[in-house]
Amino acid sequence: MLDELEERVAKLEAALALSQINYNDCLDTIWMLTATMLVFFMHSGFSLLEVGSVRFKSTQYILAKNLAVVGMGFLCWFVLGYPLAYGSSGDDVEVGGSSSFAGSGGFAMEGLYGSSAKLRAWLWQGAFCATSATIASGAMAERTQVKGFVVYTAVVTTIVYPIVAHWGWSGHGIFKFEDGGVMRSLAGPAVVDFAGSGMVHLVGGVGALCGAVVVGPRRGRFEDPTVENEFDAPNVPFVVTGTLFLWFGWFGFNAGSTGSMHDISAAHTAAVAAVNTAISPCVSGVVVFFMRTMVLKPKAFDVPGFCNGVLAGLVSITAGCATVVSWEAMIIGFIGGLLYVAVSALVKRSKVDDVVDAFAVHGACGCWGLIAAGLFGGPIVKGNGLFHGGDQLRAQLFAVVVIVLWSGVLSLVIFVPLRLANMLRYAEDFQEAMEREHITMVKAYVERHMTEHSTTSSAKAAAVEPTLPPQDTPPQSLKNAVEPGMTFATAQDERPTQSTETLQTQSSEALTVYRGAGCVAV
């Protein structure tokens, strides 16, 4: 009787243990799939932000490049990216050998279908890989050929990002490997990059800078200072909406980097990461808005700058989001905002045409994020920062140097031959008329055609043809669209006339778009 009872207890304990394993696996899968969907949703934020930052004629081109990044990115990750990043078998890896540089195995997802953990990790890291490639898209907007950018995307998602991910996140690379039961790097402590300030954003930001330099500025960008505002973000609502979408997805980006959610330790780490993801961008966004509004000329509201300040804070906190406390996250965001303002001005003064400030946001702040993780973070959040007596900084600086060199050299190796082969930059005349060539549908998000179908009578077409208002007098329809009490600047006023500035006139359609009220005069 006693033996039978012991046998039944043993079976129950085994069943309970198996049930716990299954429960943990299900919980981890739900958590990681949800976080992956948030990261994937960030591509809609990138698309809106970039569409809002380019002129009307370039909208479909920038969207085509963003879709190409997602499509090509995951296909390249499927074939070769994942094997190079995480394909190493692991147990017999020796640092300094070939496996410390890149992984091997798992080509085309071979051997992954027996484990839900491997499948969800493949999808999660694939979303990160596509994100690193899309950063350069906005920087090179309005003059880059789609085919050239597709080539860049293929190389980044096949080689550039996967190798860096292997170095930092596989557990067998030069940034993080096990040595005597302790995780280390070639520079001492293991590099801290919890969610990718360096592995994702610095890689993409350096590529964006190289691409913007090699492809050259847009036609007329730095030739005539009097028309500089022609290149300002024409659709601020899209920019703001895209930024909020990115911020929303960033909670999955940072908190989801726990990789699991079946114990209290992972839950606590995710909570710390999420809190810091909320705090840091608030500080950096306000800092940039204050600088642009109250300190730097022309001392005017700069909403797109506010948005980039928010993104700068998000990138800055990404590396150390799980290893710093809230007041340290505020300092990191504050410095990140100041750094963005300085680097953005420097890039512009250097006449590098970075349309969305991709390098200032992702490159400079990605570098700062890695360094900040070496300065801040104490034992309360398992940090090893210099300000708490730790020795983390040297490893972080080592990672910054290696990532910048790796990403910069390979990006130039990609972009320079493409430029020499005339596969990167559109011809000057084509930039002026790209919305009418090589596009299946000429309608875009703000266009309103004034001409009728070809079967419409000429009399009816003439009846709807508008009479354009005088230059210094806004149309009555625009006056009715704005808030009561708002005044318009005329040619005699010293105030700026941005509220009635003509963004685009299509001669064949007699179209005039007014920026200030976001209206179309017909």
Side-chain angles (χ1 to χ4, degrees), residues 32 35-36 39-40 42 69 72-90 93 95 98-107 109 112 117-136 153-178 183 185-186 190-207 252-254 256-259 315 318-319 362-363 366-367 369-370 373 395-396 398-411:
M32 291 309 300
T36 301
V39 174
F40 193 88
M42 292 173 69
V69 165
M72 287 295 300
F74 269 99
L75 291 176
C76 293
W77 181 250
F78 170 80
V79 175
L80 192 59
Y82 179 85
L84 292 180
Y86 298 99
S88 176
S89 58
V93 173
V95 176
S98 60
S99 295
S100 65
F101 178 77
S104 60
F107 295 93
M109 299 185 69
L112 270 63
K118 292 181 179 179
L119 288 173
R120 63 177 180 255
W122 182 94
L123 186 62
W124 167 255
Q125 284 294 334
F128 270 50
C129 183
T131 300
S132 70
T134 199
I135 291 172
T153 298
V155 178
V156 168
T157 55
T158 302
I159 299 175
V160 180
Y161 170 79
I163 297 296
V164 175
H166 178 81
W167 292 344
W169 287 334
S170 69
H172 309 296
I174 61 176
F175 293 159
K176 189 175 185 179
F177 60 86
E178 186 175 352
M183 301 307 294
S185 71
L186 293 183
V191 172
V192 174
D193 192 1
F194 186 75
S197 286
M199 314 296 178
V200 178
H201 296 282
L202 184 55
V203 169
V206 171
F253 198 96
N254 286 358
S257 293
T258 57
V315 174
T318 296
H362 300 276
C367 178
L370 277 177
Q396 304 301 110
F398 169 69
V400 169
V401 173
V402 172
I403 292 174
V404 169
L405 290 176
W406 171 259
S407 304
V409 170
L410 288 188
S411 296

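Not one N or O on the side chain of Ser132 forms a donor-acceptor pair closer than 3.5 Å with the backbone of Gly204. The closest donor-acceptor contact from the side chain of Thr157 to the backbone of Thr153 lies under 3.5 Å. At least one donor-acceptor pair closer than 3.5 Å links the side chain of Trp167 to the backbone N or O of Phe101. Side-chain atoms of Gln396 come within 3.5 Å of backbone atoms of Val192 as a donor-acceptor pair (strictly under, hydrogens ignored).
Residues passing the side chain to side chain donor-acceptor pair (under 3.5 Å) test with Thr258, sequence neighbours excluded: Trp31.
At least one side-chain heavy atom of Leu119 sits under 4.5 Å from a side-chain heavy atom of Met109. You'll find the side chain of Phe175 reaches within 4.5 Å of the side chain of Met199, heavy atoms only.
Scanning all heavy atoms of the two residues, the minimum distance from Asp193 to Gly196 falls at OD1-N, 3.0 Å. The two residues Gly205 and Ile135 make their nearest non-hydrogen contact at N-CG2, 4.0 Å. Considering every non-hydrogen atom in both Ala395 and Val191, the closest pair reads O-CG2, 3.6 Å. Listed here is the closest heavy atom pair of Trp77 and Pro83: O-CD, 4.1 Å. The minimum heavy-atom distance between Gly171 and Met183, with the atom names listed, is O-CE, 4.1 Å. Heavy atoms only, all atoms of each residue included: Ile163 and Ala102 are closest at CD1-CB, 3.4 Å.
Aromatic ring pairs are classed by plane angle as parallel below 30°, tilted from 30° to 60° and perpendicular above 60°; the pair Phe253 and Phe128 is parallel.
Identified under the side chain to side chain donor-acceptor pair (under 3.5 Å) test for residues 119-131, with sequence neighbours left out: Asp25-Arg120, Thr29-Arg120, Tyr86-Gln125, Gln125-Tyr161.
For the atom pair NE2 (His166) and CG (Leu84), the distance works out to 9.0 Å, reported to the nearest 0.5 Å. The CG atom of Leu80 sits 13.0 Å away from atom CG of Leu75, with the distance rounded to the nearest 0.5 Å. To the nearest 0.5 Å, the span separating SG on Cys367 from NE2 on His362 amounts to 14.5 Å.
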May I have the list of side-chain donor-acceptor pairs in residues 398-411 shorter than 3.5 Å, sequence neighbours left out?
| unit_1 | atom_1 | unit_2 | atom_2 | d |
| --- | --- | --- | --- | --- |
| Trp406 | NE1 | Val160 | O | 3.1 |
| Ser407 | OG | Ile403 | O | 3.0 |
| Ser411 | OG | Ser407 | O | 2.6 |

